[in-house]
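Reading through the structure tokens given below for one structure.
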Amino acid sequence: MNSKLIALSGAGLLLGVSAYSVLAQTVAPTTPPDPPEFPAQSEPVFVGISDILEFKALPEYREPEWVTKKFVETGKLPPVKDRLPKEPLVYKIANMPDGVGVYGDVMRHVIGGRPEGWNYLAGQTQGWGGIDIGMMECLTRTGPLFQVKAEELQPMPNLAKSWEWSDDGLQLTMHLIEGAKWSDGDPFDAEDVMFYWEDNVVDPNVTPLNGASPATFGEGTTLEKVDDYTIRWTFTKPKPTEYLYSMAYGTFCPGPSHLLKPKHPKYNPDMTYDEYKNAFPPDFMNWPVMGAWVPVEYRPDDIIVLRRNPYYWKVDEQGNQLPYLNEVHYRLSTWADRDVQAVAGSGDFSNLEQPESFVEALRRGAEESAPARLQFGPRTIGYALQMNMSANGWGEPDERGQAVRELNRQLDFRKAVTMAIDRQRLGESLVRGPFTAIYPGGLYAGTTYYDKASTAYYPYNLDAANALLDGLGLKDIDGNGIRNFPEGTAGGGDIEITLLANTDYNTDRNLAEGVVNMMQPLGLRIIVNLQQGPSRDALYQSGRFDWQVLRQTEEIATVVQRTAQLAPTGPQVHQFHRAGKDGTLDLLPFEQELVDLVNKFVGTPDLNERAEIMKQFQKVYTENVYAVGLTQYPGALIINKRFANIPAGTPISMYNWAEDSIIRERVFVPQDRQQDYELHPESLPGEPGGEGPVT
Ligand code: GLA
């Protein structure tokens, strides 16, 4: 960069606007530096999907002996073969890292969230950390795809055991697993699927937990029931294979319609939508699931205990009904405590994802006597500063809030903010060493669709950043160090911007603090709004934020997952730009370009063309600083050494969280390593809404 210009800008706020705009124009983006070397510590063994599983009937089936003795032989449960579907999902032994497992033991999770209730279809969280992932099953499955060969990459079948496209590619017919049952014995069929779709996704009064809306599957898409085990999608574009990814966790996981329908306002006029949402509070036990374990005990701020689902519809090749683990615990604590306990051995599992704990965890994990193994994966965790781009009333901003949004929508404003972020320092404030990388925003370096040459990076340059804000006419009129809103907006007062952040994570808090400090020399006053997970979610889902610091979701790492959310492709799909009350978006031209690129990507099967489209996407995204990238780093999976069948190279987050990617129902503890951790041994879930487990 031209040193004369730096010297010029050093003259500070006294300089005239025109000199600054000359300076600003010379600040061209470069490409980002390469991330420091940090090889993943183990690599997956790449296979095809048919190497992992198939659907077929086996000559005989088995279950834990105590289930047969205490439940089947006493007439409390039908025999295992009658509880399984016609053709169960069968895991192949050759793909199991440690082979066929044995029954018993517990996986003891620790989580930082708290359950709001079980109705995830209406948006309630169960506390995250895998509890919902373990209870839900979805039409397709993505977590384990990290080990699937590129040429065979597509979502795995799950509740939808197979599917075919019509010749014109507009229709997708899916065949559901036949004869599978909910954990209380009620049949699972197309009625559950249609209830999820029509009365939760499509009903505008309901928003499922992970925000599924019609646009998640393409505006104009329809779904119909053909018969009890067949459903048919009709799309407006041929062969949009991305939507198969949206049919996985957490956007197409049906719930038990036999319990939910009677509480839904459409079927029960005495109920309101709020009552529907809250009809199954956390102390409602034995909530029916299609997943491997059922919640049987809940103690507030203490623990949720889940027991094996006697109707689970997956088996190993020898016919052993899964899961192998009898019980699962979710200790209700903090996310940082999850790391501490997993490393110490009083918990069994953690996604080590807060860099603040890396050094200590690595040190402990390296000790010979360490109870847990710890493996770093690729850099797929990234944080961005997102600005609310809706100037259309989304979230009903006051005058000041509206003025901030008008600023957010100006390219020079976003450029100024990104250039005021010293990413090296920000990364090092979390952890020293080769972990964090400079992240300009957009797709992550090191992932499939990333292209360095298409990535615009505006390096740290405080003077140029200040010049850009001067150029926008944002002056510090009263000399208090804070620039003022332009005359006529928000009373020309100090520019104050609220920054929403999640208080459940140290990393979110530290990054938010970092942003506050770095905006100071830019003359912007940032006020952090720290909220616990659920209230943070509620605020951002309803658009009540100016800026937010957010750990990003899968689409940024994989592109093929939740693709529709990469841009505001529908009124309610995007994280920081949604429709106002009138249902319309107010897209800027470059946002429209992003939307068009995403739609083009979804409509193009050609792999080379797709790669090209994503290069353009990355260029438009980063040149326009759509979101201000903050930092990007790897996470480590920590699992207690007694567990077997953990696939090599499992990333903590790629197509889904590691809780899904490890294929939890196949995980087991060898007999000689089993511990006495079961809180409800030899019991099974009881009646929905009943007391808890029964023996
Ligand atoms: C939280 C945790 C993640 C992961 C997910 C699973 O977000 O921070 O590590 O466990 O829950 O949903």
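Note that ligands are numbered from 1 as they come in the structure, with each ligand's atoms numbered from 1 the same way.
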- Item | Ligand-residue contact atoms, ligand 1 with Asn351, heavy atoms, under 4.0 Å |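 Per the distance check, 3 (C), 4 (C), 9 (O), 10 (O).
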- Numbering the atoms of ligand 1 from 1, which are under 4.0 Å from a heavy atom of Gly130?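 Heavy-atom distances to Gly130 below 4.0 Å select 6 (C).
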- Under 30°, 30 to 60°, or over 60°: which ring-plane class applies to Tyr330 and His109, parallel, tilted or perpendicular?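 The rings of Tyr330 and His109 lie parallel, inter-plane angle below 30°.
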- State whether Arg141 and Glu137 are salt-bridged, where the test is any N-O pair (Lys NZ or Arg NE/NH1/NH2 against Asp/Glu carboxylate O) under 4.0 Å.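 No, Arg141 and Glu137 are not salt-bridged.
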- Could you tell me whether Arg114 and Glu116 have a side-chain N and a carboxylate O separated by less than 4.0 Å?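 Not counted as a salt bridge, because no side-chain N and carboxylate O are separated by less than 4.0 Å.
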- Side chain, backbone, both or neither: the part of Arg338 lying under 4.0 Å from ligand 1 by heavy atom: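 For Arg338, the contact with ligand 1 is made by the side chain alone.
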- Item | Proximity of Arg551 to ligand 1 by residue part, where a heavy atom lies under 4.0 Å |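 Near ligand 1, Arg551 shows its side chain, while the N, CA, C and O stay back.
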- Top protein contact for atom 11 (O) of ligand 1, by heavy-atom distance: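 Sorting protein heavy atoms by distance from atom 11 (O) of ligand 1 puts Gly129 N, 3.0 Å first.
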- Give the residue, atom name and distance (to 0.1 Å) of the protein heavy atom nearest atom 10 (O) of ligand 1.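 Among all protein heavy atoms, the one nearest atom 10 (O) of ligand 1 is Glu659 OE2, 2.6 Å.
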- Message: Tell me whether Arg666 forms a cation-pi arrangement with Tyr91, defined as NZ or CZ under 6.0 Å from the six-membered ring centre and within 45 degrees of its axis.
- Response: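 Yes, a cation-pi geometry holds between Arg666 and Tyr91.
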- Task: Using the ring of Tyr245 (Phe, Tyr or Trp, six-membered ring only), decide whether Arg562 places NZ or CZ under 6.0 Å from its centre and within 45 degrees of its axis.
- Result: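 The answer is no, since Arg562 fails at least one limit relative to Tyr245.
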- Task: Kindly identify the option in Trp657, Trp128, Tyr505, Tyr249 whose heavy atom sits closest to atom 2 (C) of ligand 1.
- Result: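 Among Trp657, Trp128, Tyr505, Tyr249, the closest heavy atom to atom 2 (C) of ligand 1 belongs to Tyr505.
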- Item | Side chain to side chain, Tyr249 and Thr142, heavy atoms closer than 4.5 Å |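 No. Closest side-chain heavy atoms not under 4.5 Å.
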- Query: Is there any N or O on Glu353 that sits under 3.5 Å from an N or O of ligand 1?
  - Reply: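 N/O-N/O distance below 3.5 Å exists for this pair.
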